[in-house]
2 protein chains.
Amino acid sequence: MSDANAPNTDIGLDAGPLYRQIKTQIVRRIANGVWSPGELLPSEFRLADEFGVSQGTVRKALDALASDSVVVRRQGKGTFVAQHTNQRALFHFFHLVGDDGSRELPETHRVLACRQRPASSDEAHCLNLPVSAKVIEIERIRTLAGSPAIIERITVPARLFAGLDATPATDLPNELYRLYETDYGITVHRAVENLRPISAGRRDVSLLGIRTGRPMLEIQRTALTVAGTPVERRISRCDMRRHSYISEIV
Amino acid sequence: MSDANAPNTDIGLDAGPLYRQIKTQIVRRIANGVWSPGELLPSEFRLADEFGVSQGTVRKALDALASDSVVVRRQGKGTFVAQHTNQRALFHFFHLVGDDGSRELPETHRVLACRQRPASSDEAHCLNLPVSAKVIEIERIRTLAGSPAIIERITVPARLFAGLDATPATDLPNELYRLYETDYGITVHRAVENLRPISAGRRDVSLLGIRTGRPMLEIQRTALTVAGTPVERRISRCDMRRHSYISEIV
DNA sequence: GAGTGGTCTAGACCACAGA
DNA sequence: CTGTGGTCTAGACCACTCT
């Protein structure tokens, strides 16, 4: 890239087509905060100049990033680093739909706890932390269609979210990923969910008003940054009497 | 396309960029059986000639089709219509994973019934059939890690699958989508699954050896062709004591 | 060696946003 | 009006497969 006739040295061990190297470089800059969510990237021509390649090659990298939802392209305006919006939360990170097919984010939530503590072994494993590491735990109840329906236990590494446990519960938004992004510079890019059915226990009964032993859905989620670093573990117990989990397969 | 300087007439009301029109044309031919699963498409240059556009435009259409898994491209060989393989079944159409993270298709199944009957209202709705339409129902038990774990009721429109109900149970493969493709010319392209937790009933107890009332996962799937026509309704009751459902979110 | 898709380039024109 | 991304073209060269 710096010299068209020599192998590259400014990319970790080089290799692969140019557009892929450029894609990697751009991802790296976004991950390092050189460009922040919502920010306008340089135009294709400027990037092409900087990387020493043709505009078409930069375009191919940017198109790939757009299809990964790492950037958003807007004709006439430019290319922007993707940002968490309610739209994205709804269609990508929230999979519960009403029995009538309605797709709505929870309107309200009630925070039960927000404290710092050592990671459990599950959390240490999923978040790739040493066993002694501290995490911040948020426990809350989310409301669907007017009724409390989800008990959520969210844990994040304390090192990355310093001070989050001191946040007043009223300052915690329902869509936490926007908070992670704006206040801690951490963007959740993708997640893996493991689902299994469970029986309502005493706590579910008292918090959600469901009957003992009724089937519920447990969602275990691990959320990752664009660099693949796990940044959140979230376990949700969901009352599915009026909702189902939707999964689209291609 | 037929004339570079005149608007198109051979595409339903035209409109949109050329590569998209070409993509639509190719999808249409595949849907109509002009090109069958596994078949080699003409080369980019031949298609470009035929459509009267440049090779680059055809390439863009084919790349888009490849990323939709409608075609598969192989350097040095050509572009092929995508085919159902065990790989695709495993990574796209089967979402149950073992507690140890193992991802395996069911090895065996036992067919309980394969008969023709009128569609239920759910089936008529999901398959977009008139209420009086006939469907063919297959009921079977699938085995995971050596134990019967899934009770599946599959229904397909009798009109599209004439004779399927006369198939000996031993001729039904575990991966039905390959049968649909080879014997009935119907390719499942995508599906929508709705999940909800349920309690094990009498039938689950006797067929799967699970205890009454234990939580299970019900998966309601509607499978569609590349043209968007629903071709299968499938309801699976899953014993999740040793498995979870995995969902990857981007 | 011939044919295929994969990469890269260079340049034209269009559609859209905003000063 | 300028600058942006979106489309389309034409041609070069590379990597791979098969004969």
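Chain naming here is simple, since letters A, B, ... match the order of the sequence lines and numbering starts at 1 in each.
- Look at CZ on A:F45: it is 9 Å from P on D:dT4, rounded to the nearest Å.
- Each of A:L40 and B:S54 was matched to the nucleotide of DNA chain D holding its nearest heavy atom; the match closer to the 5' end belongs to A:L40.
- Note on B:Y19: only backbone sugar-phosphate atoms sit closer than 4.0 angstrom, heavy atoms only; bases stay farther off.
- We find that B:K60 and B:E44 are not joined by a salt bridge, their nearest charged nitrogen and carboxylate oxygen being 4.0 Å or further apart.
- For the pair B:P42 and A:P17, both in contact range of DNA chain C, the more 5′-proximal nearest nucleotide belongs to B:P42.
- Judged as a salt bridge (charged side-chain N to carboxylate O under 4.0 Å, His left out), the pairs with a partner in residues 175-189 of chain B (not counting sequence neighbours) are, in order, B:R142-B:E175.
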* Would you check, one step at a time, whether the test salt bridge (charged side-chain N to carboxylate O under 4.0 Å, His left out) holds for B:E152 with B:R140? => CA-CA 5 Å; B:E152 228 166 40; B:R140 64 172 177 176; 2.8 Å; yes
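- Residue B:K77 places no side-chain N or O under 4.0 Å from the OP1 or OP2 atom of D:dC16.
- Separating the CD atom of B:E44 from the P atom of D:dC14 is a distance of 18 Å, rounded to the nearest angstrom.
- Between B:V231 and B:P157, the shortest heavy-atom contact is O-CD, 3.3 Å.
- Put simply, chain B comes within 4.0 Å of DNA chain C, heavy atom to any atom, from C:dG3 to C:dT7, going 5' to 3'.
- Taking the six-membered ring for Trp and thresholds of 30 and 60 degrees, A:Y180 and A:F161 have ring planes more than 60 degrees apart, a perpendicular arrangement.
- With a 6.0 Å radius and a threshold of 12 heavy atoms from other residues, nucleotides or ligands, B:R88 has its CZ atom above the threshold.
- Among the atoms of the strands shown, base atoms are found under 4.0 Å from some heavy atom of B:R59.
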